[in-house]
Amino acid sequence: MTHPNRSEERRAAKPIVRGFYNRDPRIVARELLGKVLIREEREGRLAARIVETEAYLGTDDAAAHSAAGKTARNAVLFGPPGFVYVYFIYGVHYCLNVSCLPDGTAGGVLIRALEPLEGIAMMARNREIELSESPRVPELRSLTSGPGRLAEAFGITRPRDNGKDVTSKAGDLWIGDDGYAVGEIVTGPRVGITKAMDHPLRFMIAGNTYVSGKRPAASGR
DNA sequence: GAGGAGATCGTCT
DNA sequence: GACGATCTCCTCT
């Protein structure tokens with residue numbers, strides 16, 4: 001069963017080395033599941049486990065932003081691995097990606113959903129959501145179950161975060177490994193795209209309540 | 001409960 | 001000038 005762990009009960013997360021990202025986005029997307037996204041704010045730390053990702057393959061992938069070649073907007077995807085690519089979509093939302101593959105080769109992973117661990121009150125404030133006294137899963141889920149939502153919960157914007165290095169604790173936005181063991185992983189088609197839809201490039205932790213999309217099978221009630 | 005449309009603006013044609 | 005790697009709200013059933 002999935003329930004938020006107390007921070008004391010988890011091992012401290014350690015940053016993931018750059019080499020981890022210097023691989024095919026399909027591998028990186030799969031292996032990022034279970035890792036922890038961390039935002040250091042003056043008021044405290046935000047932390048949430050990555051439970052859903054999508055791989056975008058670069059110039060050969062018609063659905064990827066990098067498909068048409070390098071531009072000012074997508075330059076990070078063509079740069080070295082382990083850096084943040086943030087884009088603004090539909091005039092409303094920011095979405096968080098991490099660059100993959102060596103400098104000069106495009107590729108990236110979109111972070112689609114998180115399971116909140118620490119700083120839940122701050123996430124709710126960022127989302128302008130009022131949490132109840134002891135929030136239940138559906139409320140927590142609404143904080144970070146979707147790329148636009150999680151970006152808002154973590155205060156991620158393009159001006160603030162595009163181009164940041166996620167491999168160093170020195171930054172205020174990084175990804176760590178706390179030793180969490182991921183169980184079964186399921187794949188599916190990517191969401192919200194109109195091209196190259198026949199590739200199972202979406203990865204989720206099987207049975208995890210916090211994946212995006214429609215309400216998952218009832219749990220914890 | 002399900003389905004559809006509007007929001008709102010940066011980026012590229 | 002069109003549209004997008006989304007979310008929310010509203011309407012209809």
Side-chain angles (χ1 to χ4, degrees), chain A residues 21 24-30 32-33 37 48 50-79 83-101 106-114 116 123-131 137-163 166 175 186-204 209-219 221:
Chain A
Y21 302 97
D24 187 296
R26 285 167 286 207
I27 311 270
V28 178
R30 180 179 283 270
L32 271 179
L33 295 178
L37 178 68
I50 298 170
V51 300
E52 180 178 344
T53 58
E54 280 178 6
Y56 285 87
L57 304 182
T59 46
D60 292 333
D61 181 357
H65 286 179
S66 45
K70 185 175 176 178
T71 66
R73 179 204 195 192
N74 65 22
V76 174
L77 291 175
F78 287 82
F83 288 85
V84 172
Y85 168 53
V86 179
Y87 65 88
F88 189 55
I89 190 70
Y90 298 117
V92 186
H93 301 290
Y94 288 101
C95 295
L96 170 67
N97 299 251
V98 182
S99 64
C100 298
L101 296 170
V109 172
L110 169 68
I111 313 292
R112 282 198 57 87
L114 305 171
M123 292 182 203
R125 219 178 309 141
N126 289 341
R127 292 267 294 126
E128 299 186 340
I129 287 176
E130 292 238 0
L131 286 182
V137 166
E139 284 180 87
L140 298 177
R141 203 176 166 277
S142 70
L143 294 175
T144 53
S145 65
R149 289 172 169 179
L150 71 88
E152 189 172 77
F154 272 66
I156 291 166
T157 67
R158 181 171 169 91
R160 179 178 176 188
D161 297 305
N162 192 56
V166 299
I175 297 175
V186 279
T187 63
R190 292 176 294 186
V191 176
I193 56 173
T194 55
K195 299 167 188 165
M197 297 163 69
D198 50 339
H199 298 293
L201 295 179
R202 180 185 182 202
F203 301 88
M204 297 157 276
T209 314
Y210 294 87
V211 300
S212 70
K214 294 194 197 84
R215 193 175 17 323
S219 77
R221 211 279 294 159

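Numbered from 1 within each chain, the chains take letters A, B, ... in sequence-line order.
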Rounded to whole Å, OH of A/Tyr90 lies from C1' of C/dA5 at a distance of 7 Å

Presence of A/Arg127 side-chain N/O under 4.0 Å of C/dC7 phosphate oxygens OP1/OP2
no

Is a side-chain donor or acceptor of A/Arg112 paired with a backbone partner of A/Glu52 at a separation under 3.5 angstrom?
no

Whole angstrom is fine here: how far is it from CG in A/Leu143 over to P in C/dT6?
19 Å

When you get a sec, tell me which of B/dT11, C/dT8, C/dT6 is the closest nucleotide to the side chain of A/Arg149?
C/dT8

Between the CG atom in A/Leu201 and the OG1 atom in A/Thr53, the distance rounded to the nearest 0.5 Å is 9.5 Å

Mark this stacking check for A/Tyr56 against C/dA5 as yes or no, applying ring centres under 5.5 Å and ring planes under 30°.
yes

Value in whole Å for how far the P atom of C/dC7 lies from CD1 of A/Ile129:
12 Å

For a quick test of reading the model: is some side-chain N or O of A/Arg202 closer than 4.0 Å to OP1 or OP2 of C/dA5?
no

Please check this pair: side chain of A/Arg158 against backbone of A/Cys95, looking for a donor-acceptor N/O pair closer than 3.5 Å.
no

Could you check how far CD of A/Glu128 sits from P of C/dC7, rounded to whole Å?
16 Å

Counting heavy atoms from C-beta on, name the nucleotide in C/dC7, B/dT11, C/dA5 closest to the side chain of A/Arg73.
B/dT11

Without decimals, in angstroms, what is the distance between A/Glu152 CD and C/dT8 P?
8 Å

Check whether any side-chain N or O of A/Asp61 sits under 3.5 Å from a backbone N or O of A/Ala67 as a donor-acceptor pair, and report yes or no.
no

By the definition side-chain contact (heavy atoms from CB on, under 4.5 Å), identify the one residue from A/Ile156, A/Asn97, A/Leu32 that meets it with A/Ile111.
A/Leu32

Side-chain atoms of A/Val92 come closest, of C/dA5, B/dT11, B/dT8, to B/dT8

Here's a test of your reading of the structure: between A/Arg158 and A/Gly91, which maps to the more 5' nucleotide of DNA chain B?
A/Gly91

Side-chain (A/Arg190) to main-chain (A/Ala55) donor-acceptor, under 3.5 angstrom:
yes

Looking at C/dT6, C/dA5, B/dC12, which one has an atom nearest to any side-chain atom of A/Leu110?
C/dA5

Write down the distance between CG (A/Leu201) and P (C/dA5), rounded to a whole number of angstrom.
15 Å

Can you give the dot-bracket line for DNA chain B, using ( ) for pairs inside the strand, [ ] for pairs that cross earlier ones, | for pairs with another strand and . for unpaired bases, where Watson-Crick and G-U count if both distances are under 3.5 Å?
|||||||.||||.

Donor-acceptor pair, side chain of A/Arg30 and main chain of A/Phe203, under 3.5 angstrom:
no

Rounded to the Å, how far apart are A/Arg190 CZ and C/dG4 P?
15 Å

Whichever of A/His65 and A/Ser142 has the more 5' nearest nucleotide on DNA chain C, that residue is A/His65

Can you tell me, in whole Å, how much space there is between the P of B/dG3 and that of C/dA5?
23 Å

Whole-Å gap separating C1' (B/dT8) and NE2 (A/His93):
10 Å

Could you label the plane-to-plane angle of the A/Tyr87 and A/His65 rings as parallel, tilted or perpendicular, counting under 30° as parallel and over 60° as perpendicular?
perpendicular

